[in-house]
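Worth saying up front: this structure is predicted, and the values here are computed from it rather than measured. Below, all heavy atoms of this structure are taken into account, side chains as well, without hydrogens, waters or symmetry copies.
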Amino acid sequence: MSSKLQPVRGTHDILPEEARKFRFLIRQALSVAERYGYGEIATPVFEFSEVFHRTLGDTSDVVTKETYSFTDRGGESLTLRPEFTAAIARAFISHGMQDQLPLKFFYAGPAFRYERPQKGRQRQFHQIGTELLGVGEPVGDVESIALAHHVLDALGLAGKVTLEINTLGDAASRAHYRDALVAYFTSHEGSLSEDSRARLARNPLRILDSKDEGDRAVIAGAPRMEAHLTPEARAYFAAVTEGLAGLGIVAARNERLVRGLDYYNHTVFEFTTDQLGAQGTVLAGGRYDGLIGLMGGVDTPGIGWAAGIERLAALMDFGAHSAFPASVRPIAVIPMGAAAEKEALQLTQRLRAEGFTVELGYKGNLGKRMKRADKLHARAAVILGEAELAGGTATVKDLDSGTQQEVKLSALESALASYRGGL
């Protein structure tokens, strides 16, 4: 195998220490979500391409440039999921769950987009997120955002992020605003980037997301959604912001925060940070009352959010988190001689059954096996030699203090009790 063999560009191996951090992060988030009544859901990593192409739009950047789509051996067009919401909506329809509303789902797992890899953005990335289905009132938006805030707080990140919020209004508001944007950007079409000119015809709201400097200058003078909100949409957004304020959650209005897809409506929000460079969005969400109907199901209101695990982990200070467990320091069982090795194998299993974390010294002389125990940062060593076996004992060595004692094998668990958990 070539020494140059590397992971595919835009992917990376999650080694044990990073995996431990990811696992902690997911468990913390799930623990909070469960307090809000959310249950965990897992959908397949790939779906029929129609699930994402219909919902994201055949002309969207995600579909045209970023999805991993392929034809399988049965001739079916499949796509690795670029996001979770459409897959969960598909599961909702597939299982006929409309009679069980409201429903609350929590998820965690990988997603895939063919993007230019950079810090905080990979082609295979991992997300946690939630979806609340069947609640069309402002209280659903408030609770969803409150849950997101609670999760970030549980991770020690509430002080590192800012909540930005906006409204897309209802369908009538959005239609009026779209017409105003088309008229404005058409009059400035010559100053727009190629991507934004393409978006003008199919999805003008997405122009507001452009990072192109020339586009930003044009966007600065663009009409604002606020002027195109219906009274109903204005009242809905006021109820959301008042609800958040009542919970002590500070939100900053960002009128340029949008979602380009037509099934999004009313509230959109992001938690952002200035500590991750260009990839400042840590968690993003919004209301999507039109999604399930678009996919062929019964019209069902929904709101949810997703957060990138890699970005959350990069922002977290795991060492300072009171709930993050220290790495468990094992007990090293070190046999010397064939008879001792046989006894050691049984002994390690016995200790593990009693809840101890145990590493077996597989080979080498005593010195090499002790060096491996040091490398593993073992807390104690249990040494078994011919003399110990003959007397039914083992030598227990404290690897921090260097002290050691001879202990009856029958009393070994009691002698090691203070080392349980490896502290």
Tell me every residue that passes side-chain hydrogen bond (donor to acceptor under 3.5 Å, both in side chains) with [X], counting only those two or more places apart in sequence or in another chain.
{"X": "Glu17", "result": "Arg20"}
{"X": "Glu47", "result": "Arg90"}
{"X": "Gln127", "result": "none"}

Among pairs that include at least one residue of residues 130-140, which meet side-chain hydrogen bond (donor to acceptor under 3.5 Å, both in side chains), considering only residues two or more places apart or in two chains? Thr85-Glu131, Thr130-Trp305, Glu131-Tyr288
Residue pairs involving residues 361-371 (criterion side-chain hydrogen bond (donor to acceptor under 3.5 Å, both in side chains); sequence neighbours excluded): Glu341-Arg369
Quick check against the 3.5 Å criterion: does Asn254 have a side-chain atom that pairs as donor or acceptor with the backbone of Arg256? yes
Determine yes or no for a side-chain-to-main-chain donor-acceptor pair under 3.5 angstrom, with Arg329 supplying the side chain and Thr357 the backbone. no
Classify the angle between the aromatic ring planes of Phe84 and Tyr107 as parallel (below 30°), tilted (30 to 60°) or perpendicular (above 60°). parallel
Relative to each other, are the rings of Tyr184 and His188 parallel, tilted or perpendicular (30° and 60° limits)? tilted
How far does OH of Tyr263 sit from CG of Asp289, to the nearest 0.5 angstrom? 12.5 Å
Starting at CG of Leu181, measure out to CD1 of Ile207 and round the result to the nearest 0.5 Å. 7.5 Å
Report the residue from Thr79, Thr71, Thr67 that forms a side chain to side chain donor-acceptor pair (under 3.5 Å) with Ser49. Thr79
Show the numbers, then the answer: is there a side chain to side chain contact (heavy atoms under 4.5 Å, CB included) between Val161 and Leu283? CA-CA 9 Å; Val161 295; Leu283 182 153; over 6 Å; no
Please report the closest heavy-atom contact between Asp317 and Lys160, naming both atoms and the distance. N-NZ, 4.2 Å
Considering all heavy atoms, the nearest Gly169-Leu229 contact: CA-CD2, 3.7 Å
Would Arg123 and Glu66 count as a salt bridge (Lys or Arg N to Asp or Glu O under 4.0 Å) if you check the C-alpha gap in whole Å, the side-chain angles of each, and the deciding distance to 0.1 Å? CA-CA 9 Å; Arg123 291 175 176 174; Glu66 297 174 7; over 6 Å; no
Taking ring pair (Phe, Tyr, Trp, His ring centres under 6.0 Å) as the test, write out the residues that go with Phe318, two or more places apart. Phe324
I'd like to know if Glu226 pairs up with Arg234 as an ion pair, taking the criterion as any Lys NZ or Arg NE/NH1/NH2 lying under 4.0 Å from an Asp or Glu carboxylate oxygen. yes
